[in-house]
Amino acid sequence: TNEQFKQFVDSGGYENRDYWKGSEFLKEGRELSWEEAISEFVDKTGYPGPATWEEGTYPEGHVRYPVSGVSWFEAVAYARFAGKSLPTLYHWEHSACRGESAVIVSYSNFAMSGTAPVGSHPGMGHTGVHDMAGNVKEWCFNATDDSGSQRYILGGGWGEQTYMFTSRDFRSPWNRAAVNGFRCVLYPDSEEPVTN
């Protein structure tokens with residue numbers, strides 16, 4: 001949620017290099033320094049934070065809304081801050097119950113008006129996980145190839161067609177569109193993903 005991500009921001013998440021370790025900041029064929037990369041992750045007013053925020057905070061009344069307007073790098077950094085990970089493509093798809101899409105999407109947020117509070121739509125499959133269809137698209141750990149120039153972002157988001165719930169979408173890890181969000185997972189030690 002915005003509230004949870006604000007804890008990361010207020011705790012110096014954009015200043016603590018430990019949360020960003022292991023990320024290769026490759027952009028348009030050039031490797032950026034940590035300082036150059038961090039300077040890209042600012043809100044509408046130039047403060048560190050999601051592209052949808054202003055003056056270092058989320059819109060008033062949006063405490064329980066999903067954080068949005070974040071790059072893949074920001075999602076990974078937050079997950080490390082929280083002691084968790086981004087889900088792999090395969091874990092995300094299993095949890096989403098995409099085979100039950102006919103029921104799930106009609107009860108999910110694909111409205112044109114924007115995000116809704118987390119868990120406010122009842123669309124979910126047999127795993128009992130809310131908001132995997134619609135609301136915000138969710139970054140996954142996996143890259144589409146060894147270069148890491150594109151990362152999977154799944155589930156479809158508000159304002160998109162409902163078929164995006166079952167489609168494998170991908171974007172540049174630098175993309176900070178207003179529909180980009182994420183969720184975290186906690187793996188048993190033996191399952192922690194270690195590759196791009």
Side-chain angles (χ1 to χ4, degrees), residues 1-28 30-59 62-92 95 115 118 131 135-144 146-155 170-196:
T1 63
N2 280 317
E3 180 181 37
Q4 292 168 311
F5 200 85
K6 183 81 162 79
Q7 293 171 359
F8 169 71
V9 174
D10 291 347
S11 297
Y14 284 86
E15 299 158 15
N16 188 334
R17 291 178 186 235
D18 290 342
Y19 302 134
W20 306 80
K21 280 184 181 171
S23 293
E24 287 186 297
F25 298 112
L26 298 174
K27 187 173 186 184
E28 298 171 1
R30 185 174 80 86
E31 185 168 359
L32 275 61
S33 68
W34 184 78
E35 292 84 3
E36 289 174 312
I38 288 296
S39 71
E40 303 241 346
F41 306 136
V42 293
D43 68 19
K44 295 175 186 177
T45 54
Y47 286 78
T52 54
W53 289 15
E54 292 182 19
E55 298 182 1
T57 194
Y58 48 84
H62 283 228
V63 174
R64 299 286 307 147
Y65 283 65
V67 67
S68 61
V70 293
S71 67
W72 179 86
F73 298 105
E74 290 163 287
V76 169
Y78 174 85
R80 288 184 181 136
F81 164 79
K84 299 179 181 179
S85 302
L86 291 185
T88 68
L89 166 76
Y90 310 104
H91 287 94
W92 191 96
S95 298
T115 58
V118 170
D131 297 324
N135 223 11
V136 292
K137 298 171 84 70
E138 299 181 356
W139 287 112
C140 290
F141 181 78
N142 308 72
T144 58
D146 290 341
S147 74
S149 64
Q150 300 287 312
R151 297 282 175 168
Y152 286 105
I153 186 163
L154 307 179
F170 50 87
R171 295 181 173 183
S172 162
W174 297 93
N175 189 293
R176 304 178 81 225
V179 74
N180 293 0
F182 66 98
R183 75 177 58 230
C184 296
V185 296
L186 187 60
Y187 291 112
D189 290 342
S190 61
E191 290 190 28
E192 189 72 26
V194 292
T195 61
N196 286 341

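Just the heavy atoms: all of them, side chains too, but no hydrogens, waters or symmetry mates, feed the values below.
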Colleague: Could you tell me whether the side chain of Ser23 and the main chain of Phe25 form a donor-acceptor pair under 3.5 Å?
Modeller: no

Colleague: Residues two or more places apart in sequence or in another chain: which of them pass salt bridge (charged side-chain N to carboxylate O under 4.0 Å, His left out) with Arg183?
Modeller: Glu138

Colleague: I'd like to check the side-chain hydrogen bond (donor to acceptor under 3.5 Å, both in side chains) partners of Asn180; sequence neighbours left out, ordered by chain and number.
Modeller: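 With sequence neighbours excluded, Asn180 shows a side-chain hydrogen bond (donor to acceptor under 3.5 Å, both in side chains) to Arg171, Asn175, given in chain and number order.
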
Colleague: Are any of the side-chain heavy atoms of Thr144 and Arg151 separated by less than 4.5 Å?
Modeller: no

Colleague: Heavy-atom distance under 4.5 Å between the side chains of Ser85 and Tyr187, does that happen here?
Modeller: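 A side-chain contact under 4.5 Å exists here.
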
Colleague: Quick one: closest heavy-atom pair of Pro48 and Val9, and the distance?
Modeller: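 Scanning both residues, the minimum pair turns out to be O-CG1, 3.9 Å.
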
Colleague: Hey, could you give me the OG1/CG distance between Thr57 and Asn2, rounded to the nearest 0.5 Å?
Modeller: 8.0 Å

Colleague: Tell me if a side-chain donor or acceptor on Trp20 pairs with a main-chain N or O of Gly13 at a distance below 3.5 Å.
Modeller: yes

Colleague: Please report the shortest heavy-atom distance between Ala143 and Gly148, naming the atom on each side.
Modeller: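 Residues Ala143 and Gly148, closest heavy atoms: CB-CA, 3.7 Å.
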
Colleague: Name all residues meeting the side-chain hydrogen bond (donor to acceptor under 3.5 Å, both in side chains) criterion together with Tyr19; count only those two or more places apart in sequence or in a different chain, and write none if there are none.
Modeller: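 By the side-chain hydrogen bond (donor to acceptor under 3.5 Å, both in side chains) rule, Tyr19 matches no residue at all.
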
Colleague: Tell me the closest heavy-atom pair linking Val70 and Phe182, and the distance in Å.
Modeller: CG2-CD2, 3.8 Å

Colleague: For the atom pair CG (Asp10) and CZ (Phe5), what is the distance rounded to the nearest 0.5 Å?
Modeller: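 Going from the CG atom of Asp10 to the CZ atom of Phe5 covers 11.0 Å.
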
Colleague: Quick check for you: to the nearest 0.5 Å, what is the distance between Lys137 atom NZ and Phe170 atom CZ?
Modeller: 11.0 Å

Colleague: First locate atom CH2 of Trp174, then atom CD of Glu28, and finally report the distance between them rounded to the nearest 0.5 Å.
Modeller: 9.5 Å

Colleague: Taking all heavy atoms of Pro50 and all of Tyr14, pick out the closest pair and write down the distance.
Modeller: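 Minimum heavy-atom separation between Pro50 and Tyr14: N-OH, 3.9 Å.
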
Colleague: Check side-chain hydrogen bond (donor to acceptor under 3.5 Å, both in side chains) between Gln4 and all other residues, then give those that pass, not counting sequence neighbours.
Modeller: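 side-chain hydrogen bond (donor to acceptor under 3.5 Å, both in side chains) check on Gln4 returns Thr1.
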
Colleague: Is it true that, when you exclude Glu31 itself, more than 12 heavy atoms of the residues, nucleotides or ligands shown sit nearer than 6.0 Å to its CD?
Modeller: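 Atom CD in Glu31 is crowded, with more than 12 foreign heavy atoms closer than 6.0 Å.
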
Colleague: Can the ring centres of Tyr65 and Tyr58 be said to be less than 6.0 Å apart?
Modeller: no

Colleague: Does some side-chain heavy atom of Trp139 sit less than 4.5 Å from a side-chain heavy atom of Val76?
Modeller: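 Answer no - side chains too far apart.
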
Colleague: Under the side chain to side chain contact (heavy atoms under 4.5 Å, CB included) rule, what do Tyr90 and Asn142 come out as? Steps first, then yes or no, please.
Modeller: CA-CA 9 Å; Tyr90 310 104; Asn142 308 72; 3.9 Å; yes

Colleague: Once side-chain hydrogen bond (donor to acceptor under 3.5 Å, both in side chains) is applied, do any residues pair with Ser149, and if so which ones, sequence neighbours excluded?
Modeller: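 Ser147.
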
Colleague: Any idea which heavy atoms bring Val136 and Ser68 closest together, and the distance?
Modeller: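 What the structure gives for the nearest pair is CG1-CB, 3.9 Å.
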
Colleague: Within this structure, what is the CG-NZ distance for the pair Asn16 and Lys21, rounded to the nearest 0.5 Å?
Modeller: 8.5 Å

Colleague: When the side chains of residues 37-44 are checked against the rest of the protein, which donor-acceptor pairs come out under 3.5 Å, sequence neighbours left out?
Modeller:
residue, atom, partner, partner atom, Å
Ser39, OG, Glu36, O, 2.6
Glu40, OE1, Lys27, NZ, 2.6
Glu40, OE2, Lys27, NZ, 3.2
Asp43, OD1, Thr45, N, 2.8
Asp43, OD1, Thr45, OG1, 2.8
Asp43, OD1, Gly46, N, 3.1
Asp43, OD1, Tyr47, N, 3.0
Asp43, OD2, Glu55, N, 3.1
Asp43, OD2, Gly56, N, 2.7

Colleague: List the atom of Arg176, the atom of Ala51, and the distance in Å for their closest heavy-atom pair.
Modeller: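 That closest heavy-atom pairing would be NH2-N, 3.3 Å.
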
